[in-house]
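Notes follow the structure.
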Amino acid sequence: VKRIVILGSTGSIGRAAVEIIRSAPDRFEVVGLAAGRNAGEMIRQLEEFPAARFTMRDGEALAAVTERAASAADRAVGYGGEAMVALITETAPDLVLNALVGISGLVPTMTALEAGYPVALANKETLVAAGELIAPFLERNGELVLPVDSEHFSLSRCLRGYGDDTREIILTASGGPFYGRDPADLAGVAVSDVLDHPTWKMGKKVTVDSAHLLNKGLEVIEAHWLFRFPLERIRVVIHPQSLVHAIIRLRDGSMLSHIAPADMRLPIAGALHHPDVYDFPWKSLGLDELGTIEFIPFESGQYPAFDLAIVAAEAGGTAPAVLNAADEAAVGAFLAGRIGFLDIIAWIEEALSAHRVKPVRALDDVLAADRWARDFLAERHSRAERG
Ligand SMILES: NC(=O)c1ccc[n+]([C@@H]2O[C@H](COP(=O)([O-])OP(=O)(O)OC[C@H]3O[C@@H](n4cnc5c(N)ncnc54)[C@H](OP(=O)(O)O)[C@@H]3O)[C@@H](O)[C@H]2O)c1
């Protein structure tokens with residue numbers, strides 16, 4: 001029985017993980033749950049997993065759980081980032097599933113890795129902002145971080161046994177809801193249009209990132225660190241059907257791909273059951289369902305958000321942390337109706353151009369760059385709003 005802590009248990013990935021664990025109760029025991037503000041879902045999960053201790057994002061959310069659920073007060077570890085760290089160290093799990101969104105996932109990931117607990121990592125922001133700090137753990141033990149992102153899970157399957165013979169990694173991108181649209185037409189798109197992804201049902205932040213393809217840039221950075229693969233040998237191709245999730249090209253020129261339905265339960269279950277390949281209890285893909293599979297060249301210059309991610313990755317140091325923080329701040333402002341869709345790209349560009357890149361040697365370097373980007377944008381745009 002694997003003892004698991006789920007960080008972000010109330011989110012899209014977290015709830016899918018709960019479903020997977022429910023499908024194999026003899027394999028897993030949930031010993032820890034961490035969530036943001038969804039008290040109702042946490043109360044439900046605490047009933048389902050009686051051995052779990054838990055944390056919430058703030059005191060109000062914690063009180064909303066402890067006041068409504070019997071015995072919750074005894075099982076609460078606390079609230080905020082420090083409580084998530086305590087949850088990990090006090091439960092000493094066999095695996096931490098990090099399904100948090102944003103930079104809040106960074107410190108818990110580092111805590112788990114430093115203690116030697118494997119991390120099933122959905123929280124790509126951790127690798128984007130602090131890949132340099134995660135890389136040494138992966139050098140010592142490549143199995144310490146298990147990819148949950150569908151492309152990276154697929155890549156890990158393709159690369160098994162072929163790591164040294166792989167010439168090129170190719171990530172597929174659906175193109176998002178606006179594929180084929182003239183970028184100039186997108187200034188006034190509504191939040192609901194941006195959140196209407198054609199192939200994946202995900203949390204809001206990653207869905208917005210996918211709509212302007214910044215997400216694909218974040219995934220290139222993620223692949224670079226996870227598989228210790230040079231950026232210039234990672235390519236992207238548009239594949240609107242989202243059935244082929246990754247392709248590798250070997251030194252002999254032949255290619256291997258991984259084909260699966262657009263169902264996040266597959267990579268999440270793959271990471272939870274790792275190293276076993278398990279019987280997937282849900283629908284698999286029939287060959288007769290594949291239909292037409294298209295691969296369309298991904299033109300650099302067509303997706304400015306993607307290009308900014310690559311610029312930041314190439315600059316290295318604190319630049320990717322600034323990219324990530326600026327994106328989080330801008331996506332938050334967009335979802336709150338304060339800025340337009342294309343302003344997200346403008347905010348990222350402003351922060352990256354103003355930032356003086358520093359080397360990343362310790363966690364504080366990343367957290368300081370993250371703070372700097374958020375303060376810079378808050379200051380600059382509140383001034384703009386005041387006129
Ligand atoms: N969803 C997908 O299909 C998918 C696919 C690939 C990769 N990913 C990656 O997986 C990660 C999670 O994505 P998601 O779509 O599952 O996001 P989501 O639905 O927004 O869920 C995020 C989770 O994190 C919790 N949370 C947020 N801030 C927190 C904080 N400060 N402290 C504690 N908990 C906090 C939320 O709690 P509350 O809801 O209770 O507030 C929720 O449980 C992201 O990095 C995303 O890029 C997601």
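Hydrogens, waters and symmetry mates are skipped; everything else that's a heavy atom, side chains included, is used.
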Next on the checklist: I need the minimum non-hydrogen distance between A309 and L214, along with the two atoms involved.
Outcome noted: CB-CD1, 4.0 Å
Next on the checklist: Whether the H224 and E222 side chains hold a donor-acceptor pair (N or O, under 3.5 Å, no angle test) is what I'd like checked.
Outcome noted: no
Checklist entry - Does any donor atom in the side chain of S71 or D74 lie under 3.5 Å from an acceptor atom in the other side chain? => result no
Next on the checklist: Checking the side chain of Q45 only, and the main-chain atoms of S9 only, is there a donor and an acceptor separated by less than 3.5 Å?
Outcome noted: yes
Item to check | Exceeds 12 heavy-atom contacts within 6.0 angstrom, atom CG of D279 | outcome: no
Item to check | Ring center gap for F341 and H212 short of 6.0 angstrom | outcome: yes
Checklist entry - Given H152 and L127, is the side-chain contact (heavy atoms from CB on, under 4.5 Å) satisfied, shown in steps? => result CA-CA 12 Å; H152 304 75; L127 273 169; over 6 Å; no
Item to check | For the student: nearest non-hydrogen atoms of T55 and A83, plus distance | outcome: CG2-O, 3.5 Å
Checklist entry - Between N141 and E143, does any side-chain donor sit less than 3.5 Å from a side-chain acceptor? => result no
Checklist entry - With distance as the sole test, does R3 use its side chain to make a donor-acceptor pair with the main-chain N or O of A92 at under 3.5 Å? => result yes
Checklist entry - Does a donor on one side chain sit under 3.5 Å from an acceptor on the other, for H239 and T172? => result no
Checklist entry - Any sub-3.5 Å donor-acceptor pair from H245's side-chain atoms to A260's backbone N or O? => result yes
Checklist entry - Would you say D365's side chain and R361's backbone share a donor-acceptor pair under 3.5 angstrom? => result yes
Checklist outcome for this item: The ring-ring contact (aromatic ring centres under 6.0 Å, His included) partners of F49 (sequence neighbours excluded) come to none
Checklist entry - Could you go step by step and tell me if V5 and Y117 meet the side-chain contact (heavy atoms from CB on, under 4.5 Å) rule? => result CA-CA 10 Å; V5 165; Y117 307 140; over 6 Å; no
Item to check | Residues K2 and D94 bridged, charged N to O under 4.0 Å | outcome: no
Item to check | Under-4.0 Å salt bridge between K283 and E289 | outcome: yes
Checklist entry - For E41, does its backbone N or O pair with a side-chain atom of N38 as donor and acceptor, under 3.5 Å? => result yes
Next on the checklist: Counting neighbours of CD on E60 that are heavy atoms of other residues, nucleotides or ligands and sit closer than 6.0 Å, is the number greater than 12?
Outcome noted: no
Checklist entry - Does R75 reach the main-chain N or O of A52 with its side chain, forming a donor-acceptor pair under 3.5 Å? => result yes
Checklist entry - Does any N or O in the side chain of H273 come within less than 3.5 Å of the main-chain N or O of D276, such that one atom is a donor and the other an acceptor? => result no
Next on the checklist: Under a 3.5 Å distance rule, please check whether S174 uses its side chain to pair with a backbone N or O of G176 as donor and acceptor.
Outcome noted: yes
Item to check | Residue E19 excluded, over 12 heavy atoms near CD under 6.0 Å | outcome: yes
Next on the checklist: Against the six-membered ring of Y162, is R160 placed for a cation-pi contact (under 6.0 Å from the centre, within 45° of the normal)?
Outcome noted: no
Item to check | Heavy-atom donor-acceptor pair, R15 side chain to G11 backbone, under 3.5 Å | outcome: yes
Checklist entry - Do the side chains of F376 and L367 join up, straight or via other hydrophobic residues, at under 4.5 Å, putting them in one cluster? => result yes
Checklist outcome for this item: Between A325 and D370, the two heavy atoms sitting closest are CB-OD2, 3.3 Å
Checklist entry - Of all heavy-atom pairs between A173 and K216, which one has the smallest distance, and what is that distance? => result CB-CE, 3.4 Å
Checklist entry - Taking the six-membered ring for Trp, are F153 and H258 parallel (under 30°), tilted (30 to 60°) or perpendicular (over 60°)? => result perpendicular
Item to check | Closest non-hydrogen atom pair between L133 and A362, with its separation | outcome: CD1-C, 3.8 Å
Item to check | Side-chain donor/acceptor of N98 to backbone N/O of L121, under 3.5 Å | outcome: no
Checklist entry - Which class fits the ring pair H355 and W372: parallel under 30°, tilted 30 to 60°, perpendicular over 60°? => result tilted
Checklist entry - Can you name the side chain to side chain contact (heavy atoms under 4.5 Å, CB included) partners of A69, sequence neighbours left out? => result I43, A72
Checklist entry - What is the distance from atom CG of D263 to atom OG of S284, rounded to the nearest 0.5 Å? => result 9.0 Å
Next on the checklist: Quick check on side-chain contact (heavy atoms from CB on, under 4.5 Å): which of V220, L155, I234 does F229 satisfy it with?
Outcome noted: I234
Checklist entry - Under 4.0 Å between a Lys/Arg side-chain N and an Asp/Glu carboxylate O for K205 and E125? => result yes
Item to check | Atom of Y278, atom of R265 and distance for their closest heavy-atom approach | outcome: OH-O, 4.4 Å
Item to check | salt bridge (charged side-chain N to carboxylate O under 4.0 Å, His left out) partners for R37, two or more places apart | outcome: D58
